[in-house]
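All of these numbers come straight from a predicted model, not from anything done at the bench. Here is the naming used below: chain letters follow the sequence lines, and residue numbers restart at 1 for every chain.
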Amino acid sequence: MKCEAVCAALEEYFDGELDERQARAVNAHLAACAGCAAEHAALRREHELLMRYERDVEVTPQLWQGVAARIAAERTDAAEHAAPAEPFTRRLRAWFAGALTVPRFSPALTAALILVAVALTVGAMKLTDRHEGKTVAYVPPPPAPQPGAQPTNANVATPAPAPSTEPAPEAAHETVAAAAPKRDTPRRDVRSNESANRSLPARGGAAQFQQAAATSAEPTAEALVREAEAKYLKAIEILSRDVNRRRATLDPQTLARFDETLQAIDRTIAETRRAALTRGNDPVAVQYMLTAYEKKVDVLRELARAD
Amino acid sequence: MERLAIEAMHGGDGGASRPVTHAKPAMNSVEHLIARARRGDEDAFRLIFERYSRPVISFIYDMVGDRAHAEELTQETFVRAHRHLGALREEAKFSTWLFSIAKNVARESLRTAHSRSRKVSLDDEAVQELSDDAPGPAGALLDKELNAVVRRALAALEEDKRLVFTLKVFQQRSYEEIVAITGFSLPKVKTDLHRARTELRRRIRPYLGVKE
């Protein structure tokens with residue numbers, strides 16, 4: 001290999017871009033030619049000098065925060081612009097439905113929904129509690145008096161004052177309900193203790209509960225629970241929309257903490273909901289579920305207000 | 001301020017053809033991180049950012065010559081990468097793909113009036129200060145002075161040459177990768193690289209301690 005050819009290929013040789021055969025030939029020439037070897041050494045020195053070059057630039061935490069904020073903003077924009085991709089009729093229907101049901105001022109509506117949801121929660125819990133009481137207190141019309149029957153039995157048929165109208169007993173019942181692992185036994189015991197001279201009906205409590213609910217004009221506890229849940233879900237939906245709009249402006253660390261909290265609450269909601277369904281609207285599970293919904297609303301509301 | 005040493009820039013996969021010095025578990029492979037990021041996992045994209053942000057910001061800084069501008073363009077590069085992650089076909093060539101985005105971002109920026117005017121002033125300064133007759137230290141070169149010399153020499157290079165030179169010398173990309181990143185033909189890459197080296201050599205010759 002001649003010097004001219006080696007000089008022409010020297011940079012490619014230095015860069016490791018020659019194939020094996022060419023590289024071997026250049027290598028052999030450099031070992032034998034002092035002039036070309038000096039060129040190669042100069043190239044190496046030049047490279048070493050350039051490798052000492054340091055830039056007045058660094059990767060700061062703010063660099064990632066800026067990227068993360070812009071990505072979050074793009075996600076929000078994408079979510080907001082997802083609707084126009086739907087067919088026109090669906091968009092029109094969605095807009096119309098939204099115009100009727102979604103308030104223009106979401107904080108006010110959210111507050112109203114929360115109030116309704118809380119009221120429904122309280123109502124549902126009271127109703128559940130009262131029905132629990134009825135389960136025990138309700139007795140079908142007594143049969144014709146039998147000779148020798150105890151007069152106390154007749155007193156049982158007389159309706160007791162409704163617990164819901166009496167704050168103090170109500171509170172006592174709620175305490176019992178919250179503490180009781182199951183809604184049937186402890187409260188029945190309490191009632192039994194309160195009126196030791198009453199005899200419990202022979203029929204099952206659940207059937208009587210249903211009968212009482214069916215004959216009553218009032219909504220059932222289950223209906224109230226479902227309504228409260230629906231209101232919470234609506235409030236959560238509205239607040240989530242507000243939060244998503246604000247995500248890009250929020251501190252990423254704060255946002256991460258809130259997201260973790262929300263995930264934990266979602267798990268609680270799912271678990272308590274499952275428990276409520278499998279245990280026939282167990283008041284304890286229902287109460288925990290609605291409390292979890294309320295907590296989620298609180299967290300979202302806080303996030304929507306965060307700076 | 002802490003500075004980025006060139007040696008520290010060559011983390012990550014360094015491109016498909018680069019030898020990997022540290023075996024990485026599959027869970028942290030770029031392919032795995034990309035798959036997670038595509039599913040909306042922000043942590044995965046943050047890890048990608050941590051792996052590639054240094055070489056990317058260094059590359060962009062070499063192209064635009066301004067720290068604040070380089071930071072801004074680095075953010076833009078990663079935002080674009082995130083936006084188009086779904087369009088990436090060969091995950092193993094993520095680094096090449098990312099650098100092609102960085103190249104586009106830097107070149108778009110350089111075409112703005114502000115960048116052009118800034119470059120002209122740098123060129124003027126560099127040309128005046130880095131003439132062949134400029135006096136230089138006789139032997140060892142202070143790092144600070146070297147940095148200033150190299151920065152000015154880079155700024156004085158024509159844009160295509162600076163792009164190819166930076167990718168080859170500082171980012172240690174193969175010719176094949178440079179072709180993929182720049183879209184230039186292989187002969188152009190070789191020619192531009194040779195001319196850039198010649199020009200850089202002329203400018204830093206006083207510091208090489210070599211008499212030509």
Side-chain angles (χ1 to χ4, degrees), chain A residues 7-19 22 35 37-79 81 244 247-248 250 252-253 255-256 259-260 263, chain B residues 1-9 40 42-43 45-46 49-50 53-54 56-58 60-62 66-68 70-72 74-79 81-83 141 143-144 146-147 149-151 153-154 165 168-170 172 174-176 190 193-194 197 200-201 204-205 207-210 212:
Chain A
C7 278
L10 202 54
E11 284 183 11
E12 286 184 56
Y13 171 77
F14 183 78
D15 289 337
E17 295 282 347
L18 292 180
D19 62 38
Q22 289 174 314
E39 286 292 324
H40 182 247
L43 197 59
R44 193 168 57 236
R45 272 199 306 277
E46 176 188 312
H47 186 77
E48 285 166 359
L49 189 72
L50 288 169
M51 288 298 101
R52 287 165 56 193
Y53 173 47
E54 292 178 351
R55 295 154 183 82
D56 187 19
V57 67
E58 62 183 341
V59 177
T60 61
Q62 287 74 27
L63 203 61
W64 165 249
Q65 284 169 12
V67 172
R70 287 185 58 188
I71 289 171
E74 287 200 352
R75 276 190 183 141
T76 307
D77 286 347
H81 288 90
N244 285 337
R247 274 183 178 272
L250 296 171
Q253 287 183 342
L255 206 54
D259 283 338
E260 279 176 22
Q263 283 167 12
Chain B
M1 172 179 287
E2 182 192 344
R3 292 181 171 194
L4 293 182
I6 291 171
E7 290 79 6
M9 298 189 315
E42 194 180 291
D43 281 345
F45 194 72
R46 184 176 51 76
F49 174 86
E50 285 174 1
S53 54
R54 280 185 156 219
V56 166
I57 199 170
S58 300
I60 292 176
Y61 179 80
D62 289 344
D66 178 78
R67 188 179 65 196
E71 288 174 353
E72 182 189 324
T74 300
Q75 287 187 343
E76 174 64 21
T77 299
F78 279 95
V79 169
H82 184 272
R83 191 186 302 151
L141 179 69
D143 283 347
K144 191 176 175 183
L146 169 69
N147 292 334
V149 167
V150 174
R151 192 168 61 247
L154 280 173
F165 181 86
K168 179 66 236 175
V169 175
F170 293 134
Q172 300 188 356
S174 69
Y175 291 179
E176 186 186 348
K190 287 181 181 178
L193 182 59
H194 175 70
R197 271 180 164 142
L200 254 293
R201 190 174 302 130
I204 65 172
R205 185 170 47 194
Y207 306 96
L208 286 170
V210 176
E212 293 186 28

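In this structure, B:H82 and A:R75 have side chains that are in contact, with non-hydrogen atoms separated by less than 4.5 Å. When side chains are defined from C-beta on, A:V67 does not count as touching B:T74, because their heavy atoms never get closer than 4.5 Å. A heavy-atom distance below 4.5 Å is not found between the side chains of A:V57 and B:I60. Residues A:D56 and B:N147 fail the side-chain proximity criterion, which asks for heavy atoms closer than 4.5 Å.
How far CG of A:L50 is from CD1 of B:I204: 4.5 Å, rounded to the nearest 0.5 Å.
A donor-acceptor pair is defined here as one N or O able to donate and one able to accept, closer than 3.5 Å; such a pair exists between the side chain of B:Q75 and the backbone of A:L63.
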_Walk me through whether B:F170 and A:Y53 qualify under side chain to side chain contact (heavy atoms under 4.5 Å, CB included)._
CA-CA 9 Å; B:F170 293 134; A:Y53 173 47; 3.6 Å; yes
*Kindly determine whether B:R54 and A:R55 satisfy side chain to side chain contact (heavy atoms under 4.5 Å, CB included), including the steps that lead there.*
CA-CA 11 Å; B:R54 280 185 156 219; A:R55 295 154 183 82; over 6 Å; no
*List the steps, then state whether side chain to side chain contact (heavy atoms under 4.5 Å, CB included) holds for B:F78 with A:I71.*
CA-CA 9 Å; B:F78 279 95; A:I71 289 171; over 6 Å; no
*Under the salt bridge (charged side-chain N to carboxylate O under 4.0 Å, His left out) criterion, do B:E76 and A:R70 qualify, and how do the steps go?*
CA-CA 9 Å; B:E76 174 64 21; A:R70 287 185 58 188; 2.6 Å; yes
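Remark: A:E11 engages B:R197, B:R201 in a salt bridge (charged side-chain N to carboxylate O under 4.0 Å, His left out) (not counting sequence neighbours). Scanning for salt bridge (charged side-chain N to carboxylate O under 4.0 Å, His left out) contacts around A:E12 gives B:K190, with sequence neighbours left out.
Contact between B:L146 and A:L49 at its shortest, heavy atoms only, is CD2-O, 3.5 Å. Here the closest non-hydrogen pair linking A:A68 and B:E42 is CB-OE2, 4.1 Å.
Of the atoms belonging to B:Y175, heavy atoms from both backbone and side chain fall under 4.5 Å from chain A. For B:E50, no part sits under 4.5 Å from any heavy atom of chain A, backbone or side chain. Heavy atoms closer than 4.5 Å to chain B are found in the side chain of A:E74, but not in its backbone.
Look at A:E58 and B:R67 and you find no salt bridge, because none of the NZ, NE, NH1 or NH2 atoms lies under 4.0 Å from a carboxylate O.
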